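Position 1 is the first residue of the sequence; numbering continues from there. Predicted model only: the values in this text are computed from it and were never measured. The analysis underlying the following values was restricted to heavy atoms, covering all of them including side chains, and did not include hydrogens, waters or symmetry mates.
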Amino acid sequence: MTSMAIFEKELGPEYQPMLRYSKKEYVALYGWGGFLTGTLFFGIIYVAIIIYIAGNVLENITTMYILLMILAGMLAYALYIIIHVHNTRRRAAKQYRKGKRLIKELALRYSKLNMMYEDEARETKPLLARSTEDLD
């Protein structure tokens, strides 16, 4: 019983979404989050690289060089975001499976505890208050 209370207190908020969402919804939610954070992260890194290159090669910048940097950035972004979102979705699916397994174990413990309480309540009833099913 103590382990169940510890689980609910420490890990309950982390595994609550697994009770509300299906696996597909949960993974999709994390996929979108991965897309947004990956885009933000890539944008910051890409802008920093462009600023560094522009600062060091300012006199040699041509339109063709700018177009090449944009094309290279778009290709790198496409590759990066595909890999990042795929990994994010895979981690979310793994976390969902683990959470569902832990929730099932907790439910089993609760059902055992409930059966113990019912047995105890049945045994503590006065003999005349018991039904014929309890006497068997």
Query raised in the report: Other than Leu79, which residues form its hydrophobic cluster under the rule that side-chain heavy atoms must be closer than 4.5 Å?
Result: Ile83
Query raised in the report: Transitive ILVMFWY cluster of Leu75 at side-chain heavy atoms under 4.5 Å: who else is in it?
Result: Leu71
Query raised in the report: For Phe41, which residues count as a ring-ring contact (aromatic ring centres under 6.0 Å, His included) partner, sequence neighbours excluded?
Result: none
Requested in this report: Heavy atoms only: give me the nearest Ala93-Lys23 pair and the separation to one decimal.
Outcome: CB-CE, 4.0 Å
Report summary line: Between the OH atom in Tyr96 and the CD atom in Glu25, the distance rounded to the nearest 0.5 Å is 8.5 Å
Query raised in the report: Do Phe42 and Ile70 share a hydrophobic cluster, counting only Ile, Leu, Val, Met, Phe, Trp and Tyr and linking them when any side-chain heavy atoms are less than 4.5 Å apart?
Result: yes
Report task. Could you list the residues that satisfy side chain to side chain contact (heavy atoms under 4.5 Å, CB included) with Met69, not counting sequence neighbours? Result -> Tyr46, Ile50, Ile53, Tyr65
Query raised in the report: Mind checking what makes side chain to side chain contact (heavy atoms under 4.5 Å, CB included) contact with Thr63, not counting sequence neighbours?
Result: Leu67
Requested in this report: Kindly write out the residues that satisfy ring-ring contact (aromatic ring centres under 6.0 Å, His included) with Phe35, not counting sequence neighbours, or none if the list is empty.
Outcome: Trp32
Requested in this report: Tell me, please, which residues at least two apart from Arg97 pass side-chain hydrogen bond (donor to acceptor under 3.5 Å, both in side chains).
Outcome: none
**Report entry** Partners passing side chain to side chain contact (heavy atoms under 4.5 Å, CB included) against Leu68 (at least two apart in sequence or in another chain)
**Finding:** none
Requested in this report: Output the rest of the hydrophobic cluster of Leu40: all Ile, Leu, Val, Met, Phe, Trp and Tyr residues reachable through side-chain heavy-atom contacts under 4.5 Å, sorted by chain and number.
Outcome: Ile44
**Report entry** Gap separating the NE2 atom of His86 from the CD1 atom of Ile81, nearest 0.5 angstrom
**Finding:** 13.5 Å
Report summary line: Here the side chain to side chain donor-acceptor pair (under 3.5 Å) pairs for residues 70-84, sequence neighbours left out, are Thr39-Tyr77
Query raised in the report: Honestly curious: do Leu36 and Ile45 fall in one hydrophobic cluster under the side-chain, below-4.5 Å linking rule?
Result: yes
